[in-house]
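Everything numeric here is computed off the predicted structure, so don't read it as measured data.
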Amino acid sequence: GIIDYLFVIFLLASPAFFGLPDFTAQFTYTLGAVHLILSLVTDYELGVFKKVPFQYHGWIELIVALGLILIAIYVGNVDGVLAQNFYFGITAAVFLLWLLTDYTSHVTKGAETL
């Protein structure tokens with residue numbers, strides 16, 4: 001959970017910090033907002049609404065990681081090499097975190113943690 005919220009902060013701060021072009025900046029803000037919503041609704045320690053099982057959170061992150069490859073290519077064509085490299089870096093980070101996270105370690109059933 002902490003990593004998810006730190007990632008949201010990173011995404012929301014990145015456009016200003018890296019000087020990302022307008023389209024890439026807007027897309028990054030949107031990605032940050034979507035990841036914040038996912039984090040808030042995930043059923044884990046720092047989730048607020050706990051509607052999305054942690055295992056589903058993992059599948060969503062894998063799909064996002066794969067989709068970010070295409071996004072990197074697209075923003076590279078729209079906004080140039082800085083945008084492309086930024087999104088290839090984000091892709092690598094999300095995929096690495098997906099590989100290192102055990103999404104089956106937190107399985108809940110009702111109020112009991114298994």
Side-chain angles (χ1 to χ4, degrees):
I2 291 171
I3 292 172
D4 282 324
Y5 290 109
L6 289 175
F7 185 62
V8 168
I9 292 168
F10 172 78
L11 288 172
L12 296 178
S14 290
F17 185 78
F18 292 107
L20 296 175
D22 289 339
F23 176 80
T24 301
Q26 292 304 315
F27 188 84
T28 304
Y29 291 135
T30 302
L31 181 62
V34 169
H35 198 80
L36 176 61
I37 291 167
L38 177 62
S39 298
L40 290 170
V41 300
T42 296
D43 185 9
Y44 59 6
E45 294 80 18
L46 296 178
V48 176
F49 301 104
K50 300 182 188 296
K51 299 293 183 190
V52 175
F54 190 51
Q55 218 170 9
Y56 291 0
H57 181 106
W59 285 110
I60 291 167
E61 284 190 349
L62 175 60
I63 292 165
V64 167
L66 296 173
L68 285 173
I69 296 168
L70 299 174
I71 297 300
I73 294 167
Y74 181 75
V75 297
N77 288 329
V78 172
D79 280 341
V81 71
L82 172 66
Q84 186 174 46
N85 289 340
F86 176 78
Y87 267 92
F88 277 138
I90 293 293
T91 300
V94 171
F95 188 68
L96 181 63
L97 287 171
W98 179 83
L99 283 174
L100 296 174
T101 302
D102 180 6
Y103 290 99
T104 62
S105 68
H106 181 80
V107 178
T108 60
K109 185 176 183 179
E112 300 175 32
T113 299
L114 302 175

If hydrophobic clusters are built from ILVMFWY residues whose side chains come within less than 4.5 Å, do Trp59 and Leu40 share one? yes
Let's go through Val75 and Phe88 carefully: what are the C-alpha distance in whole Å and the side-chain angles of both, what is the deciding distance for side-chain contact (heavy atoms from CB on, under 4.5 Å) to 0.1 Å, and is it a yes or a no? CA-CA 10 Å; Val75 297; Phe88 277 138; over 6 Å; no
For the residue pair Leu36 and Tyr5, establish whether any side-chain heavy-atom pair is separated by less than 4.5 Å. yes
Do Phe54 and Thr101 have side chains that approach each other closer than 4.5 Å (heavy atoms only, starting at C-beta)? yes
Spacing of OG1 belonging to Thr28 relative to CD1 belonging to Ile90, to within rounding of 0.5 Å: 7.5 Å
Nonpolar side-chain network containing Leu100, other nodes, edges under 4.5 Å: Leu96
Determine whether Thr104 and Gln55 satisfy the following criterion, side-chain contact (heavy atoms from CB on, under 4.5 Å), listing intermediate values before the conclusion. CA-CA 6 Å; Thr104 62; Gln55 218 170 9; 3.5 Å; yes
Given side-chain contact (heavy atoms from CB on, under 4.5 Å), test Tyr29 with Leu11 step by step and report yes or no. CA-CA 7 Å; Tyr29 291 135; Leu11 288 172; over 6 Å; no
Going through the distances and angles, do Tyr87 and Leu31 end up as a side-chain contact (heavy atoms from CB on, under 4.5 Å)? CA-CA 11 Å; Tyr87 267 92; Leu31 181 62; 4.0 Å; yes
Partner set under side-chain contact (heavy atoms from CB on, under 4.5 Å) for Leu99, not counting sequence neighbours: Phe95
Can you run down the side-chain hydrogen bond (donor to acceptor under 3.5 Å, both in side chains) pairs that involve residues 64-83, sequence neighbours left out, and say none if there aren't any? Thr24-Asp79
Among residues at least two apart in sequence or on other chains, which ones pass side-chain hydrogen bond (donor to acceptor under 3.5 Å, both in side chains) with Asp4? His35, Tyr44, His57
Using 30° and 60° as the class limits, which term best fits the ring planes of Phe18 and Phe10: parallel, tilted or perpendicular? perpendicular
Is Ile71 reachable from Leu66 through a run of I, L, V, M, F, W or Y residues, each pair having side-chain heavy atoms under 4.5 Å apart? yes
Phe49 pairs by side-chain contact (heavy atoms from CB on, under 4.5 Å) with which of Thr42, Asp43, Val41? Val41
Can you hop from Ile63 to Leu38 via hydrophobic side chains spaced under 4.5 Å? no
Leu20 side, atom CG; Ser14 side, atom OG - distance, nearest 0.5 Å: 6.5 Å
In short, Pro21 meets Leu82 closest at the heavy-atom pair CD-CD2, 4.4 Å
What's the separation between atom CZ in Phe86 and atom CG in Leu68, rounded to the nearest 0.5 Å? 10.0 Å
Indicate yes or no for a side-chain donor-acceptor contact from Trp98 to the backbone of Ala65 under 3.5 Å, with no hydrogens or angles considered. no
Side-chain hydrophobic cluster, 4.5 Å single linkage: members besides Ile3: Leu97
Cluster check Ile37, Val48: I/L/V/M/F/W/Y, side chain < 4.5 angstrom: no
Should the heavy atoms of other residues, nucleotides or ligands under 6.0 Å from CD1 of Ile2 be counted, would the total exceed 12? no
Sorted by chain and number, sequence neighbours left out, side-chain contact (heavy atoms from CB on, under 4.5 Å) with Tyr56 holds for Val52, Pro53
